[in-house]
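Below is one structure, written out as structure tokens; the observations come after it.
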Number of protein chains: 2
Amino acid sequence: MPVACQDCPLRMLPCFDDLSEDELQFMTQFKSGELDVAAGTPILVEGSKSPQIFTVLRGMGLRYKTLEDGRRQVTNFVMPGDFIGLQAAIQSEIGYSVDASTDMTLCVFRRSDIWKLFRMHPSRAFDMTWLVCSEEHFLGEALTTVGQRSALERIAWAMVTVHDRASQLGLVHNGVMNFPFRQQDLADALGLSLVHTNKTLAKLRERDLLTWSDGMLSLRDRESLRQIAQLDDTMPPKRPLL
Amino acid sequence: MPVACQDCPLRMLPCFDDLSEDELQFMTQFKSGELDVAAGTPILVEGSKSPQIFTVLRGMGLRYKTLEDGRRQVTNFVMPGDFIGLQAAIQSEIGYSVDASTDMTLCVFRRSDIWKLFRMHPSRAFDMTWLVCSEEHFLGEALTTVGQRSALERIAWAMVTVHDRASQLGLVHNGVMNFPFRQQDLADALGLSLVHTNKTLAKLRERDLLTWSDGMLSLRDRESLRQIAQLDDTMPPKRPLL
DNA sequence: CGCCCGATTGAACTCACTCAAATACTGTGG
DNA sequence: CCACAGTATTTGAGTGAGTTCAATCGGGCG
């Protein structure tokens, strides 16, 4: 049974912009349905033209690109509130794949309605562009991390970034969050080998900076991790939700 | 003396979408001026809120991010037709810096007019979003390159990508293009050290795959370079010009 | 129990880094 | 016109961070 936008549990979170009554009504009719997928399901496939666009309501996933010989670059961890698939709607093809890492619920939009959104609801079009800019910004950060930071710095960066994101979404309880990924996923996100990722994680664990086992992640000392990562401590602004 | 959009030399290139009479007229009044800068001038500064947005008319530059300790990640080479600074207009701050590597001419827009564009000209707003998606796509490619490819593959990838882009813009003459960057810039773009970049370039030169000296780049064997880079050979689609 | 998958650990190797110095070029001032 | 400083490229040598190979361990499941 689909959730009405009116009752969207994400909408209530303080990290998201408020919606006007008008916008809310528009979104309700813009939303074409809901999709439930099991862990492991591919949601978007690189190079395809998906007729659908999604907002993540629940669960987590992986966004990645692959080379012909099988090497894989994870470009982001997908979390609730993320808007995925717009590339396919605006250009002809999509440049990345998304797989579900846990069971997920997705809010579905028709790509053919995008144009209507731009014409009829400029404020929502603006918000959509905001989200793409935001993703662009993140990829710039990730590129800088993989290009310039050492293995220890990369992992510290990833953990603080992921944790902060989850924290915004109210997914951290008593300092612990669900982190349903494999070490191989983290390695592929940071351009490191699995073995070295494992050994570097062990170092952070020995120093008692974090714990991660059985899919549960806890930052024991976020401040130290932040410093290792040379990450500045700015509160992210409120963001739009589509 | 500013160029009228009507007479914009870029507009005529086959790689750009056609504009309707209506759109053309709107752009002319949307354009608030022209800016000429000398090589070496900073155009945008990370973290600032520039009141201006630009389209590059002429010349090349560097887009990059820096860490506190001085490490630098070049995130793109800036070329004519590129639209820069939107992040600052849509969010409050900009996430990267841009410096001019040659003398450049920029088409200037007021950030305060962006909202008007979304409200009054949805087709241009759509095009703007297209461009951001495109940049997002590129950053995904770059991240994959830096995260997964070897030094030889990275350099081959960068050279083919840059050359193809210049080719689209009609900047390649007799197989030769202007490439006004230092080896340090390329190294910072690919997450490699200067020394290793130099030695890897030498290997490609020895194999007679490319030549690059005095700011002139020529791909002697694009096909081999493309294969080394594991880069697929798809024609880029026509793109919007703002 | 046996199998599969993911995490962990050890050992050897190598790609890419740092350090260092030489070369080449350009602009500046005497 | 030459000396000099500053910047970019090139090359050599030694080092090290991260890789690959390989084996083990542990939990979940048919």
Side-chain angles (χ1 to χ4, degrees), chain A residues 38-40 62 67 69-74 99 101-102 145-159 178-207 210-218 228-229, chain B residues 38-40 62 67 69-74 99 101-102 145-159 178-207 210-218 228-229:
Chain A
L62 276 179
L67 298 182
D69 64 5
R71 281 176 284 180
R72 178 182 74 148
Q73 177 67 39
V74 169
D99 287 359
S101 295
T102 64
T145 296
V146 173
Q148 304 301 324
R149 292 193 237 248
S150 71
L152 196 74
E153 292 168 338
R154 288 184 215 187
I155 294 191
W157 174 83
M159 291 323 210
N178 209 300
F179 190 64
F181 304 103
R182 296 166 304 153
Q183 293 189 358
Q184 184 68 65
D185 298 326
L186 183 61
D188 288 346
L190 298 175
L192 296 169
S193 72
L194 170 61
V195 173
H196 197 57
T197 299
N198 180 289
K199 287 175 179 168
T200 308
L201 276 167
K203 273 185 198 144
L204 293 171
R205 216 181 302 122
E206 277 161 29
R207 289 215 238 160
L210 60 78
T211 58
W212 173 25
S213 62
D214 302 310
M216 302 305 283
L217 171 66
S218 167
I228 289 173
Chain B
L62 276 179
L67 297 182
D69 64 5
R71 281 176 284 180
R72 178 182 74 149
Q73 177 67 40
V74 169
D99 287 0
S101 295
T102 64
T145 296
V146 173
Q148 304 301 324
R149 293 193 237 250
S150 70
L152 196 74
E153 292 168 337
R154 288 184 215 187
I155 293 191
W157 175 84
M159 292 324 210
N178 208 300
F179 190 64
F181 304 102
R182 296 166 305 154
Q183 292 188 0
Q184 183 68 65
D185 297 327
L186 183 61
D188 288 347
L190 298 175
L192 297 169
S193 72
L194 170 61
V195 172
H196 197 56
T197 299
N198 179 289
K199 287 175 180 169
T200 308
L201 276 167
K203 273 185 199 147
L204 292 172
R205 217 181 301 122
E206 278 160 29
R207 289 213 238 162
L210 60 79
T211 58
W212 173 25
S213 63
D214 302 310
M216 302 305 284
L217 170 66
S218 167
I228 289 173

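Only heavy atoms go into these numbers, but all of them, side chains included; no hydrogens, no water, no symmetry mates.
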Between [options], which one does the side chain of [X] approach most closely?
X	options	value
B/L192	C/dA16, D/dT11, D/dT19	C/dA16
B/L194	D/dG18, D/dT9, C/dA16	D/dT9
A/R205	C/dA11, C/dT8, D/dT10	C/dT8
B/K199	D/dA13, C/dA16, D/dT20	D/dA13
B/Q183	C/dC17, D/dT10, D/dG18	D/dT10

message: Whether the side chain of A/Q148 engages the backbone of B/G191 through a donor-acceptor N/O pair (distance < 3.5 Å, no angle test) should be reported.
response: no
- prompt: Ignoring hydrogens and geometry, is there a side-chain-to-backbone donor-acceptor pair from B/R149 to B/R154 under 3.5 Å?
  reply: no
Take atom [atom1] of [X] and atom [atom2] of [N], then tell me their distance rounded to the nearest Å.
X	N	atom1	atom2	result
B/D214	D/dT9	CG	P	10 Å
A/R182	C/dT8	CZ	C1'	16 Å
B/E153	C/dC15	CD	C1'	12 Å
A/L186	D/dG18	CG	P	14 Å
A/E206	C/dT9	CD	C1'	12 Å
A/Q184	C/dT8	CD	P	13 Å
B/W212	D/dT9	CH2	P	6 Å
B/N198	D/dT10	CG	P	5 Å

Give [X] one of three labels, base, sugar-phosphate or nothing, depending on what nucleic acid heavy atoms sit under 4.0 Å from its own.
X	answer
A/T200	nothing
A/G215	nothing
B/R154	nothing

field: Atom of B/I228, atom of B/E153 and distance for their closest heavy-atom approach
entry: O-CG, 3.2 Å
- request: Evaluate the side chain to side chain contact (heavy atoms under 4.5 Å, CB included) criterion for residues A/D188 and A/Q73: first the C-alpha distance (whole Å), next the side-chain angles of each, then the deciding distance (0.1 Å), finally the verdict.
  value: CA-CA 5 Å; A/D188 288 346; A/Q73 177 67 39; over 6 Å; no
Contact check, side chains of [X] and [Y], non-hydrogen atoms, under 4.5 Å:
X	Y	value
A/L204	A/I155	yes
B/R182	B/T197	no
A/L152	A/R207	yes

field: Salt-bridge present (B/R72, B/D185; N to O < 4.0 Å)
entry: yes
message: Stem finding on DNA chain C, please: runs of three or more consecutive Watson-Crick or G-U wobble pairs, both distances under 3.5 Å, sorted by first number.
response: C:1-30 with D:1-30
- request: Mark up nucleotides 22-30 of chain D, 5' to 3', with B wherever a protein heavy atom is under 4.0 angstrom from a base atom, S wherever such an atom reaches only the sugar-phosphate, and - elsewhere.
  value: ---------
task: Applying side chain to side chain contact (heavy atoms under 4.5 Å, CB included), run through A/L62 and A/F181 and close with a yes or a no.
output: CA-CA 9 Å; A/L62 276 179; A/F181 304 103; 3.8 Å; yes
field: Residue met sooner reading DNA chain D from 5', once A/R149 and B/S213 are mapped to nucleotides
entry: B/S213
